[in-house]
Chemist: 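One structure follows; several queries about it will come next.
Order of the sequence lines fixes the chain letters, A, B, ..., with proteins taken first and strands second; residue numbering starts at 1 for each chain. Keep in mind that what you see is a predicted model, and the values were worked out from it rather than measured.
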Amino acid sequence: MTLEGCQIQDPQLSGWLLDPIDPATCFQDLLNKHCRNPRTTPALESKKVSQIITGLYSLYKLNRELCSKLQSQGLWSLYVDMELKMIPVLASMEVGHINVDKEALRRTSDLLGTKMKQLEQEAHKAAGQMFLLTSSTQLRTVLFEKLRLHEQCENKKLPKTINKQQSTSEAALLQLQDLHPLPKIILEYRQIHKIKSTFVDGILSCMMTKNYISSTWHQTSVVTGRISASHPNFQALPRQPLQVTRKLFISGKEDAVVTVHPRAMFIPKEGWTFLSADFCQVELRLLAHLSSDPELLRIFTNPEADVFCMLASQWKGVSKTEVSSEDREHAKRIVYSVVYGAGPERLSGILGVSTEQARRFQDSFLQTYMEVQNFIQKTVADCHKKGYVLSIMGRRRTLHNINSPDWGARMQAERQAVNFVVQGSAADLCKMAMIRIFNLLSTSNSLSARLIAQLHDELLYEVQDSQVEQFAAVVKSTMESLERIDQLNIHLKVPLKVAVSSGKSWGSMSELIVPQSLPSF
DNA sequence: CTTACCTTC
DNA sequence: TCTAGAAGGTAAG
């Protein structure tokens, strides 16, 4: 039997769709939750034939109960046409290998190890004593009891921990960095330590004797419908490379600067190329559609325009061509923070201005995009009335605290409701794209591409060198065509834009110009 | 602001 | 001595 021929049922998926916040993990939990007379299932070793039959009958009843609930809540199509069809897609992704340059990974591990030893020595020298750099408790003693740095900055407000102690968080160290060399050393040490432990040694430990990894993909672990990955979490590998200065103990030589890029360790097999297809600003486009905000819609009518670049150039007062990638990322963070309900306190941290200025910024943003504000208010009001919200394809999230007397809990539920509608809708679109491309590949005689990973709005494939151009066209047009899904009565008010890039490692992808034409087979 | 996973203490 | 959870990091939007 082929993977694409699967026609199965999955009570775990049903249970998750009905209540994604509490994905009853095992058979027994599902029985308890959804069946009137749940039978306890005995331990495996003591099972008699009759008990197995009883268990199977319970399973049959459970599935029937779940299916009927799905139908009554309008979740049937999402279950059958999306989630069940994702099973073979995820299975094929999980079965496949992702080749890793293990030797390069080992070399970087050593490099970062020596760099950390150097930083440790510098830190001990700066502190005038030995201490464990990874221990926030010991660092607190050095910074505030020995060096008493907090006494030199009474005009600044240093962050405190939950227990009213001096914090050693990044924000605190940034405040202290001009007073003493130690904070800067700690900041660099932490950055390198993080990369080494999680993204270099962590990846190595996922490989054991192999020289490839294959993540585990989880379908029911994210409430909004996104998928997640573990061992390793492929979706969290750093996007930006890290610069490490390496001291050379050769007289007359400058220190060498080495760039460490975990993504560059992932390489396609011989004769193949990585191809990535990215839905551009997908949540913001969906927000434009869902809110019908004329100003936001107008921005997206120009297919070449990059909203975040535009806003960054506007806010920072530089020309659009001179917007750095950091500026763009910054603008992106600001936009999503505001639309998902960040308070002036948090926003001021992101913007780097006072809370009063942050509040003014928030007001003027929401005034500019009036219908976005309207959409937020309508979504919240609707959720208060019904107790749940829906995504574009009918995915559902019940917000148990939406009418809570606890102000904090209620506000959080309101933000979660708004976030769900947009993030959930984006997840719907991305999954639909994965399924359509999977089906296309399954029936194609000429294409042999394989899905490597999904990074929420981005699909990463491994493609035979000779098929890159053809596959790029297929992927781009398939993804962009989701602007209209007649069967589901979805007609987006904004065009979808997909950027395609390719490369011989995941760390060195460059944009691919795909001619606008219908794919031909 | 939201959604995850991973590491350290 | 062991472990659950908090804090702080990464990603995605």
Chemist: Tell me, please, which residues at least two apart from A/D110 pass side chain to side chain contact (heavy atoms under 4.5 Å, CB included).
Modeler: none

Chemist: Of all residues at least two apart in sequence or in a different chain, which pass the salt bridge (charged side-chain N to carboxylate O under 4.0 Å, His left out) check with A/K102?
Modeler: none

Chemist: Mind jotting down which residue pairs meet the salt bridge (Lys or Arg N to Asp or Glu O under 4.0 Å) criterion with at least one end in residues 390-406 of chain A? Sequence neighbours excluded, please.
Modeler: A/E83-A/R395, A/R395-A/D428

Chemist: Do A/F266 and A/F274 have ring centroids that are under 6.0 Å from one another?
Modeler: no

Chemist: Taking atom CG of A/L460 and atom CE of A/M509, what is their separation to the nearest 0.5 Å?
Modeler: 5.5 Å

Chemist: Just how far is it from atom CH2 of A/W16 to atom OG of A/S221, taken to the nearest 0.5 Å?
Modeler: 8.0 Å

Chemist: Figure out the NE2/C1' separation between A/H456 and C/dT10, and round it to whole Å.
Modeler: 12 Å

Chemist: Could you tell me which residues satisfy side-chain hydrogen bond (donor to acceptor under 3.5 Å, both in side chains) with A/E480, sequence neighbours excluded, listed by chain and number?
Modeler: A/K476

Chemist: Pick base, sugar-phosphate or nothing for A/L237, based on heavy-atom distances below 4.0 Å to the nucleic acid.
Modeler: sugar-phosphate

Chemist: Assign A/V223 to base, sugar-phosphate, or nothing according to its heavy-atom contacts below 4.0 angstrom with the strands shown.
Modeler: sugar-phosphate

Chemist: For A/R484, check salt bridge (charged side-chain N to carboxylate O under 4.0 Å, His left out) against everything at least two apart and list the hits.
Modeler: A/D486

Chemist: Considering only residues two or more places apart or on different chains, which pairs with a residue in residues 360-384 of chain A satisfy salt bridge (Lys or Arg N to Asp or Glu O under 4.0 Å)?
Modeler: A/D382-A/K386

Chemist: Rounded to the nearest Å, what distance is computed from the CH2 atom of residue A/W506 to the P atom of nucleotide C/dA12?
Modeler: 8 Å

Chemist: According to the side chain to side chain donor-acceptor pair (under 3.5 Å) rule, which pairs have a member within residues 287-299 of chain A, sequence neighbours left out?
Modeler: A/S292-A/K493, A/E295-A/R298

Chemist: Using a cut-off of 4.0 Å on non-hydrogen atoms, how would the nucleic acid contact of A/S337 be classed: base, sugar-phosphate, or nothing?
Modeler: base

Chemist: Relative to the 5' end of DNA chain B, which residue comes earlier, A/I21 or A/P232, by the nucleotide with the nearest heavy atom?
Modeler: A/I21

Chemist: In whole Å, I'd like the distance from the CD1 atom of A/I195 to the P atom of C/dG9.
Modeler: 12 Å

Chemist: I need the CZ-P distance between A/R333 and C/dA11, as an integer number of Å.
Modeler: 11 Å

Chemist: Could you tell me the separation between the CD atom of A/Q454 and the C1' atom of C/dG13, rounded to a whole number of Å?
Modeler: 12 Å

Chemist: Checking only heavy atoms, does the side chain of A/R226 share a donor-acceptor pair with the base of C/dA12 at less than 3.5 Å?
Modeler: yes

Chemist: Rounded to the nearest Å, what distance is computed from the CZ atom of residue A/F308 to the P atom of nucleotide C/dG13?
Modeler: 8 Å

Chemist: Earliest and latest nucleotide of DNA chain B, 5' to 3', sitting under 4.0 Å from a non-hydrogen atom of chain A?
Modeler: B/dC1 to B/dC9

Chemist: How would you label the contact of A/R263 with the nucleic acid (heavy atoms, under 4.0 Å): base, sugar-phosphate, or nothing?
Modeler: sugar-phosphate

Chemist: Measure the distance from CG on A/N233 to C1' on C/dG9 and round it to the nearest whole Å.
Modeler: 12 Å

Chemist: When the distance from CD of A/E188 to P of C/dG9 is rounded to whole Å, what number comes out?
Modeler: 15 Å

Chemist: Of all of residues 408-434 of chain A, which get a heavy atom below 4.0 angstrom from DNA chain B, listed by number?
Modeler: A/Q412, A/R415, A/Q416, A/N419, A/Q423

Chemist: Does OP1 or OP2 of C/dG8 have a side-chain N or O of A/K194 closer than 4.0 Å?
Modeler: no

